[in-house]
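One structure is given below, encoded as structure tokens.
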Amino acid sequence: MVLGSETVFIVDLLAIFAVYAIVNLSLNLEFGYTGIPNFGKVLAVGAGAFVAASIPGRIFASMAGIEGDYILDNLLIVSQVNVWLVDNVGIGFAVFFLTLGIAAGVGAGLGLLTSYPAIRLRGDYLAITLLAFGESIRVIGNNFTPLVGGTLGVQVPDPLSFLPDDVRFPVATLGMVAIAITVFVYSEKLIRSPLGRLLRAVRDNEVAAESLGKNTTKIRIKVIMVSAALAAIGGALYAFYVGGTIAFAYDRASWTFWPFLMILIGGLANNKGVLVGTLIFVIIRKLIIFFKDSFEGFVPFDVVWLDFLLLGIILLVVLLYRPQGIFVEKPTPTISRKTDSSLFESFLFKLRLKK
């Protein structure tokens, strides 16, 4: 069965949405809830993608006994690995989840590394410092060939190679959406815990939080580490989905500025708003790309810049007319109203007994 163009469009849209949802939820945890303007988000995303491009292929090749230089003979080795994975499905999934774990660990490590020199800075200075760190991942990827093949990039093994071509992408998309849902539930549980209130306290008044005995520096470092780990998982999933990694694909526009635009559209410090903003952005951009050729001859510039222009206009409109986003920040009770009511009734009952 061959998938229709509409089905392919929807499947690809959901896959990209899942990746950006993971990245944006991690950014919302930093910027929306803690007030850390991480303009170096691309560092963690790129690190996750580089882990997916450099580690699992070498593991598979070693287990399958495939020889050769993994970078120079990448296409041949990866094609042989994919054939080997057809008969070794369990190993393929095990290494896949191992790669996600390694990506999360590398992302957290980079978050720790970048947080120490930058964490004492505030506002614009912190944003510029993190932006500089973010640019380093693309420079390293382009110039250190053994990592991800330099400017030529590398192919990534496909753990779903045992599936037919017309089933592989829908199944991969379902898996990515499931992981995105897991990250969303984790984020919701986190911000509805006492830790969530602490993050808001650090964001709104750091001095007041310190006066209550909270170590705001350690809190900010831990938030950067957790957010970087989640973003790295998103980057690894994207690399597996597209089947390859090339360094210049991880630029600050796609993996830093656009995530900021998405969470601004949906609303800061509101995870549901982040998902809505991400979905709106991905749909608009996919439609622009899909119908881009139809605009040729009607615009006085190259159509390749159309999505940048229209998305920039959307950002200006949001900042001018709806700066708080579609969904505004709301209080997040740690317990449900039903539970709260039952506790109150229990308290009144005990009070009557004492009388």
Side-chain angles (χ1 to χ4, degrees), residues 15-16 18-20 22-23 26 40-64 66-82 84-85 92 95-114 130-161 172 176 179 228-259:
I16 301 302
V19 172
Y20 270 114
I22 295 171
V23 175
S26 72
K41 201 65 191 174
V42 64
L43 176 64
V45 178
F50 288 1
V51 168
S54 58
I55 292 180
R58 289 183 166 94
I59 294 176
F60 289 138
S62 176
M63 297 178 69
I66 301 173
E67 298 181 353
D69 188 292
Y70 186 73
I71 299 300
L72 296 179
D73 305 320
N74 179 256
L75 289 176
L76 178 61
I77 292 176
V78 170
S79 62
Q80 293 177 345
V81 164
N82 287 335
W84 180 80
L85 286 174
V95 174
F96 169 75
F97 287 109
L98 174 65
T99 302
L100 295 185
I102 295 174
V106 171
L110 288 175
L112 177 64
L113 181 65
T114 58
L130 293 173
L131 176 65
F133 277 120
E135 284 299 289
S136 63
I137 193 70
R138 185 159 49 91
V139 175
I140 294 172
N142 277 329
N143 293 280
F144 187 59
T145 304
L147 184 60
V148 289
T151 56
L152 297 178
V154 293
Q155 297 296 306
V156 177
D158 182 9
L160 299 176
S161 58
M176 293 165 68
I179 295 175
L230 294 176
I233 291 174
L237 288 174
Y238 182 75
F240 276 113
Y241 176 74
V242 299
T245 296
I246 189 167
F248 67 75
Y250 296 89
D251 58 278
R252 60 179 178 271
S254 299
W255 299 105
T256 296
F257 297 149
W258 283 353

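The side-chain hydrogen bond (donor to acceptor under 3.5 Å, both in side chains) analysis of residues 69-78, with sequence neighbours excluded, yields no pairs.
Considering every non-hydrogen atom in both Val81 and Gly57, the closest pair reads CG2-O, 4.4 Å. Contact between Ala47 and Leu110 at its shortest, heavy atoms only, is CB-CD1, 3.3 Å. Minimum heavy-atom separation, Pro157 to Leu85: CB-CD1, 4.4 Å. Val106 and Val51 get closest at one heavy-atom pair: CG2-CG2, 3.9 Å. Contact record, Val154 with Ala53: CG2-CB, 3.6 Å, taken as the closest heavy-atom pair. Scanning all heavy atoms of the two residues, the minimum distance from Asn82 to Asp158 falls at OD1-N, 2.8 Å.
Of the inter-residue distances, the one linking Leu131 atom CG with Phe257 atom CZ reads 5.5 Å to the nearest 0.5 angstrom. Here Ser254 contributes atom OG and Tyr20 contributes atom OH; the two are 5.0 Å apart, rounded to the nearest 0.5 Å. With rounding to the nearest 0.5 Å, the separation of CG in Asn143 from CZ in Arg138 is 10.5 Å. Once rounded to the nearest 0.5 Å, the distance linking CG of Leu147 with CD1 of Ile140 reads 8.0 Å. Atom CG of Leu152 and atom CG of Leu72 lie 10.0 Å apart (nearest 0.5 Å). Atoms CD1 and CZ, from Ile137 and Arg252 in turn, are 15.0 Å apart once rounded to the nearest 0.5 Å.
Under a cut-off of 6.0 angstrom, the local environment of OH in Tyr238 is sparse, with at most 12 non-hydrogen atoms contributed by other residues, nucleotides or ligands.
Within the 4.5 Å cutoff, the side chain of Trp84 has heavy atoms near those of the Met63 side chain. Annotation: side chain of Phe50 is not in contact with side chain of Ile55 (no heavy-atom distance under 4.5 Å). In this structure the side chain of Asp251 never reaches within 4.5 angstrom of the side chain of Val42, judged on heavy atoms. The shortest side-chain heavy-atom distance between Thr245 and Tyr250 falls under the 4.5 Å cut-off. Ser26 places a side-chain heavy atom less than 4.5 Å from the side chain of Lys41. Val19 is listed as a side-chain neighbour of Trp255, based on a closest heavy-atom distance under 4.5 Å. Looking at heavy atoms from C-beta onward, Thr99 lies out of side-chain contact with Ile59 at the 4.5 angstrom threshold.
Of the possible donor and acceptor atoms, one in the side chain of Thr114 sits under 3.5 Å from a partner among the backbone N and O of Gly111. Side-chain N or O atoms of Ser62 include none that pairs as donor or acceptor with a backbone N or O of Arg58 at under 3.5 Å.
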